[in-house]
Amino acid sequence: MGCCLFGQFNFYLFSLLEAPILHDTPGISPSHTQLAEAKLVGPENLCLVFGSVLGVYSAGGDPGDVYSWEVSNSSGEIIFSRSGGEQLETIQVVFPAVGRYSVSLSIRRGTNSNFYQKVLPVSVEMGPELSLLSDYLLCSGQPTLLTALNPANQDISEFTIVWKDIEENTIGTGNELLAYSAGFYLVELFKTDASGNRSCVIKGSTFVGPPIDFEIVASSTSVCEGESVTSS
């Protein structure tokens, strides 16, 4: 029995001696993944249509990273400034006017305050005005025509136009769509830059209502010269 216990003890001691020793990387929390890539991603070209335009930017990185964001216009005025943890890995910035802006990102990882730094230039230009109405009405079983942009718009050929249903399924492309059924319709317009990326993204929506039944009742079945007929 003693021999067996001694053998088990030697095996346990040998296992301890052979176990790998884990070392922490200076300035990096053990919970961080050193291979996680930080990268500033977001639109560089936006189109303003409804008085302002929203840009969404993300940073990547690890949980535990600290993000510092700053957005300024061409005059150096800061229009957005935030610092924080994981909840600021992605931000939404409202650009209030046409012009050039700079989106600056700095990431602190562990004790390294300059782990990642990047400045992304952003251009906001005036976009085309949507011709799409807020609502339409079907009539007598006939489809209704939805139009995204005024056909006379000279920039229309620069845009890809995609129509979708409320579940984001693509149901058509091009500037016009015939709607045969009631419901919400979505439209998305965008340009494609030299790198194949989408830019100047514009989104709109409308509601197509069902036909409304009504009856016209005339005040008389006949009319003489100089008389009039009223309806209700």
Side-chain angles (χ1 to χ4, degrees), residues 37-60 67 69-80 82 88-105 116-136 143-179 183-208:
E37 180 183 6
K39 185 177 182 181
L40 174 53
V41 176
E44 298 180 41
N45 297 284
L46 295 169
C47 281
L48 189 149
V49 178
F50 303 109
S52 63
V53 61
L54 184 71
V56 179
Y57 298 88
S58 60
Y67 306 92
W69 296 91
E70 188 172 281
V71 182
S72 58
N73 60 22
S74 57
S75 300
E77 178 186 3
I78 297 174
I79 65 168
F80 182 94
R82 298 284 191 281
L88 287 178
E89 189 276 330
T90 297
I91 61 169
Q92 297 183 346
V93 181
V94 176
F95 296 91
V98 171
R100 297 190 177 276
Y101 298 82
S102 295
V103 177
S104 301
L105 168 65
Y116 179 86
Q117 291 181 321
K118 180 73 174 181
V119 177
L120 183 71
V122 176
S123 175
V124 178
E125 61 182 84
M126 184 61 68
E129 182 178 355
L130 287 176
S131 294
L132 190 67
L133 303 178
S134 59
D135 55 74
Y136 294 81
T144 186
L145 182 64
L146 310 182
T147 304
L149 297 177
N150 187 331
N153 192 313
Q154 297 180 353
D155 297 332
I156 192 171
S157 61
E158 298 180 9
F159 286 89
T160 298
I161 304 175
V162 180
W163 297 89
K164 299 180 180 181
D165 61 20
I166 193 63
E167 296 179 349
E168 297 283 343
N169 298 309
T170 299
I171 56 176
T173 58
N175 193 43
E176 297 179 341
L177 177 75
L178 282 174
F184 284 97
Y185 290 79
L186 313 176
V187 65
E188 185 175 77
L189 304 80
F190 58 89
K191 294 181 179 180
T192 303
D193 61 23
S195 301
N197 301 315
R198 301 197 316 174
S199 64
C200 193
V201 179
I202 302 170
K203 296 183 179 182
S205 64
T206 188
F207 178 75
V208 175

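- Nearest heavy atom pair, residue Tyr136 against residue Thr144, reads CD2-OG1, 3.9 Å.
- One distance of note links CZ of Phe190 with CG of Asn197; it measures 11.5 Å at 0.5 Å rounding.
- Between the CG atom of Asp135 and the CZ atom of Phe184 there is a distance of 10.0 Å, given to the nearest 0.5 Å.
- The closest side-chain heavy-atom distance from Val208 to Leu146 is below 4.5 Å.
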| said: Evaluate Val56 against Thr90 for side chain to side chain contact (heavy atoms under 4.5 Å, CB included), listing each step before the verdict. | reply: CA-CA 7 Å; Val56 179; Thr90 297; 3.7 Å; yes

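- Atom CD of Glu129 has 12 or fewer heavy atoms from other residues, nucleotides or ligands within 6.0 Å.
- Across Val122, Leu48, Leu54, a single residue satisfies side chain to side chain contact (heavy atoms under 4.5 Å, CB included) together with Phe95, and that is Val122.
- Under the salt bridge (charged side-chain N to carboxylate O under 4.0 Å, His left out) criterion, Glu89 pairs with no residue, sequence neighbours left out.
- When side chains are defined from C-beta on, Pro43 counts as touching Tyr57, because their heavy atoms get closer than 4.5 Å.
- For the residue pair Ile91 and Phe80, the shortest heavy atom distance occurs at CD1-CE2, 3.6 Å.
- The minimum heavy-atom distance linking Ala97 with Val124 is given by the pair O-CG1, 3.7 Å.
- Note: Leu186 CG to Asp165 CG = 7.5 Å, rounded to the nearest 0.5 Å.
- The line from CZ of Arg100 to CG of Asn73 is 13.0 Å long, rounded to the nearest 0.5 Å.
- Considering all non-hydrogen atoms of both residues, Lys118 and Leu40 come closest at CG-CD2, 3.8 Å.
- At least one side-chain heavy atom of Val41 sits less than 4.5 Å from a side-chain heavy atom of Ser58.
- Across all their heavy atoms, Val119 and Ser104 have their closest contact at CG2-OG, 3.7 Å.
- With contacts defined as side-chain heavy-atom distances shorter than 4.5 Å, the pair Tyr101/Ile79 qualifies.
- The CG atom of Leu130 sits 9.5 Å away from atom OG of Ser205, with the distance rounded to the nearest 0.5 Å.
- Screening residues 148-158 for side-chain hydrogen bond (donor to acceptor under 3.5 Å, both in side chains) gives Glu158-Lys191 as the qualifying pairs, with residues at least two apart or on separate chains.
- Side-chain contact check for Val93 versus Val103: every heavy-atom pair is 4.5 Å or farther apart.
- When every heavy atom of Ser52 is checked against every heavy atom of Pro96, the shortest pair comes out as CB-CA, 4.2 Å.
- By the 4.5 Å heavy-atom criterion applied to side chains, Tyr185 and Ile171 are counted as neighbours.
- Taking NZ of Lys39 as the start and CG of Leu120 as the end, the distance is 11.0 Å to the nearest 0.5 Å.
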